[in-house]
Student: 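Got a structure for you, questions after.
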There are 2 protein chains.
Amino acid sequence: MRKPNFSSGPATLPEEVLRRAQEAIWDLDGSGIGILEHSHRGKEFGRVLDGAERAVRDVGNIGVDYAVLFVTAGATQHFAMVPQNFLSPNETADYCHTGVWSGKAIEEARRCGTVHVACTSEPAFDHVPERCSWSASPRYVHYTSNETIYGTQWVAPPRAPAPLVCDASSDIFSRPLPLENHALIYAGAQKNLGPSGISLVIARKDFVESGRSDLSPLNQYRTYVAEKSMHNTPNTFGIFIIGETCRWILAQGGLAAIDERNRRKAAVLYDFLDHSKHWKPHAQRGSRSLMNVTFRADTKEREEAFVKAAEAAGLSGLKGHRSVGGMRASLYNAFPEAGVKRLVELLAEHDK
Amino acid sequence: MRKPNFSSGPATLPEEVLRRAQEAIWDLDGSGIGILEHSHRGKEFGRVLDGAERAVRDVGNIGVDYAVLFVTAGATQHFAMVPQNFLSPNETADYCHTGVWSGKAIEEARRCGTVHVACTSEPAFDHVPERCSWSASPRYVHYTSNETIYGTQWVAPPRAPAPLVCDASSDIFSRPLPLENHALIYAGAQKNLGPSGISLVIARKDFVESGRSDLSPLNQYRTYVAEKSMHNTPNTFGIFIIGETCRWILAQGGLAAIDERNRRKAAVLYDFLDHSKHWKPHAQRGSRSLMNVTFRADTKEREEAFVKAAEAAGLSGLKGHRSVGGMRASLYNAFPEAGVKRLVELLAEHDK
């Protein structure tokens, strides 16, 4: 039997998508050849790629001004690629610092140009800053829409005086996509989209064109736009799964319906925590992530006992990241509501 | 029914591996969670990673002086990473130029330092040069062990005065691995190892340590060695498949047995071509690839008629690359002997 999987990523995928993948690995749509084995230049994979792009555009309501790119890399590679493409030594980019991931992005940007930290929630990282202080004319403004480790999330994108660049790895397509003002959105696939080892990039074409053109082709976003993510052999299986997952989202009613379900799922857990005797959430109200709910007990003993009981009960992946400790329940799109209820029942037993 | 798939990559994988993948996508070894969904930091994936590394080492007979790395990238990324890591502006690297892929590797190396083309088989690229003229003290010598597009292959590595760096994408683990004198071997997985979007790197640890240390972490081979390919989330599914494929190779009797079978398979086709009236192989004797057999007919009409007949007969992926034209039959490890026989039978019908 499959277990409720609270892993922060790679994470639960829709069972319908897994069933499709099982079939396609042996034989893609009656072609007599599996999805792992099809030439990326053949017409069968051409259909997969076109279909995946179309599904991404449909889900995100993404118009022709934006390119949809599939990059063989995780978000960490984009921490470097974004400033390599768009930040020169004499320029400044503004970064919103809300946790571990923005910290890594800042580190990479500092290799290329000047970083102005426009806001920070250090050291507790338990909220998203309400006000930012922008630099005079930033090349772009970078923020992390959801902090996977600390469990905070921007309710709405920062109101910035420059094009927004967003690391949306852990909440992409979990709610309507706020494309306005965004120049580039990147997301590692392994939470809401598909397997690890591939990322989705949604980028305004004119912004991409404004980037450097003297880097290795694979390090320029421009190359992915010009060659439709096919400059070299892409992660064909990853693209297949992203397409299937997006079609699943559409079948669920699209992002509005997904958003509603995600709010309902997270509310069950936050409501319990807010009324609990011995447990409390890490993130402040107004900054709470609907994707990664982080929480702690009043004693280490209680946490340890709970972790043991959860394992025995078949609830997997609840231990928090080492940098924040405690518990973390990741409730991505495909995570079932029944799993949250089982978690809360078990927590209630450990709240006496 | 599954078709004989002559694609040059992504390419045929062993059916046993595909069956394993189908199971593991739903539930990895009874863990209750699929391989796409397991945390890369969990003990289940830890076992997958360790098992894959062990299988790679067993297959290639790779000792502790070498690191085995899984990189989320294709070979094209290594064209850039190798010189970025190992070639400074005041240094020279020697490159053996045997086709499209070495050409791309040379282009990337020229961004970093001086490239000396030690030998070339331009413009026909129908053989591997017999003699190379090395520079005074090259930092490394780069060669492409098998030219996927032109269908040539080095029988043995060049005898070079510097550490060898090899792009082995299209013949890795098709024959015993000539590790001696090699500093670094890289291979995109999508021919003999697994899916696209991941590459295997086998690198001497002291060579890796000699590389630059001021690049972004993900651009340094050192990072993959120090963090066991886990600096960021790796392509977990790709690693799983590579492990399974290597265990399949071991079950076939290892590289000696695989080599024998590959020789037998290619001989069936080359023998036909050598005795044919209207067809001939592109590569010269002594340089012929056992992985990618490229061949042409005496007229365009004959080729076109054959391509049509092959499609009708369910033989897939036989059209040659646009830069060389004609036909190409890729006969990687997992390609069945029966498929070659069917190809030769059909060719015979078009040789009258």
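We name chains A, B, ... by the order of the sequence lines, and we start the count at 1 in each one.
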Student: Which bit of His38(B) is near chain A, if near means a heavy-atom gap under 4.5 Å: side chain, backbone, both or neither?
Tutor: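 The backbone, not the side chain.
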Student: Would a distance-only check, ignoring hydrogens and angles, find a side-chain to backbone donor-acceptor pair under 3.5 Å from Ser196(A) to Thr236(B)?
Tutor: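 Yes; judged by distance alone, with no hydrogens or angles, the pair exists.
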Student: Just so I understand: if I count every heavy-atom pair under 4.5 Å between each of Ser31(A), Gly74(A), Gly34(A) and chain B, which residue has the most?
Tutor: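 Maximum pair count with chain B is reached by Ser31(A).
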Student: Keeping Arg41(A) on the side-chain end and His321(B) on the backbone end, is there a donor-acceptor pair under 3.5 Å?
Tutor: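 Here the side-chain-to-backbone pair does not exist.
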Student: With chain B, which of Ser216(A), Gly194(A), Ser39(A), Gly188(A) has the greatest number of heavy-atom pairs at distances under 4.5 Å?
Tutor: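 Heavy-atom pairs under 4.5 Å are most numerous for Ser216(A).
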Student: What part of Gln190(B) gets closer than 4.5 Å to chain A, counting heavy atoms only: side chain, backbone, both or neither?
Tutor: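 For Gln190(B), the side chain is the part near chain A, not the backbone.
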Student: Looking only at heavy atoms and a cut-off of under 4.5 Å, which of Phe237(A), Phe45(A), Trp26(A), Phe79(A) has the most pairs with chain B?
Tutor: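 Answer, by heavy-atom pair count under 4.5 Å with chain B: Trp26(A).
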Student: For the atom pair CE (Met81(B)) and CG (Leu218(A)), what is the distance rounded to the nearest 0.5 Å?
Tutor: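 With rounding to 0.5 Å, CE (Met81(B)) is 12.0 Å from CG (Leu218(A)).
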Student: Considering only heavy atoms, give the residues of residues 2-12 of chain B separated from chain A by less than 4.5 Å, sorted numerically, with 'none' for an empty result.
Tutor: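 The residues closer than 4.5 Å to chain A, in numerical order, are Arg2(B), Lys3(B), Asn5(B), Ser7(B), Gly9(B), Pro10(B), Ala11(B), Thr12(B).
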Student: Given the options Ala75(B), Pro234(B), Ala80(B), which has more heavy-atom pairs under 4.5 Å with chain A than any of the others?
Tutor: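 Going by pairs under 4.5 Å, I would pick Pro234(B).
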Student: Taking Asp214(A), Asn235(A), Ile198(A) one by one, which has the highest count of heavy-atom pairs under 4.5 Å against chain B?
Tutor: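 Between Asp214(A), Asn235(A), Ile198(A), the count favours Asn235(A).
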Student: Which atoms of Gln84(B) come close to chain A, meaning under 4.5 Å heavy atom to heavy atom: side chain ones, backbone ones, both, or neither?
Tutor: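 It is the side chain, since no backbone atom gets that close.
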Student: For Leu28(A), which atoms come within 4.5 Å of any heavy atom of chain B: side chain, backbone, both, or neither?
Tutor: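 Neither part.
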Student: Could you report the tightest heavy-atom contact between Gly197(B) and Thr72(A), atom names first, then the distance?
Tutor: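 Of all heavy-atom pairs spanning Gly197(B) and Thr72(A), the closest is O-CG2, 3.5 Å.
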Student: If you count the non-hydrogen atoms of other residues, nucleotides and ligands that lie under 6.0 Å from CH2 in Trp248(A), is the total more than 12?
Tutor: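 Above 12, so yes.
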Student: So which of His231(A), Arg19(A), Lys104(A) has the largest heavy-atom pair count under 4.5 angstrom toward chain B?
Tutor: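 Top option by heavy-atom pairs under 4.5 Å: Arg19(A).
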Student: In terms of heavy-atom pairs under 4.5 Å, which option from Gly314(A), Ala334(A), Pro217(A) contacts chain B the most?
Tutor: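 Option with the top pair count is Pro217(A).
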Student: Against chain A, label Ile239(B) side chain, backbone, both or neither, depending on which of its atoms sit under 4.5 Å from a heavy atom there.
Tutor: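 Neither part.
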Student: Can you name the closest pair of heavy atoms from Glu37(B) and Leu13(A) and give their distance?
Tutor: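 Looking at all heavy atoms of both residues, the shortest contact is OE2-N, 2.8 Å.
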Student: Measure Thr76(B) against the heavy atoms of chain A and call it side chain, backbone, both or neither at under 4.5 Å.
Tutor: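 Backbone plus side chain of Thr76(B), per the 4.5 Å heavy-atom cut-off to chain A.
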Student: Could you report the tightest heavy-atom contact between Asn219(B) and Gln77(A), atom names first, then the distance?
Tutor: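 Result for this residue pair: OD1-NE2, 3.7 Å.
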Student: Between Ile241(B) and chain A, which part of the residue has a heavy atom less than 4.5 Å away: side chain, backbone, both or neither?
Tutor: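 Side chain only.
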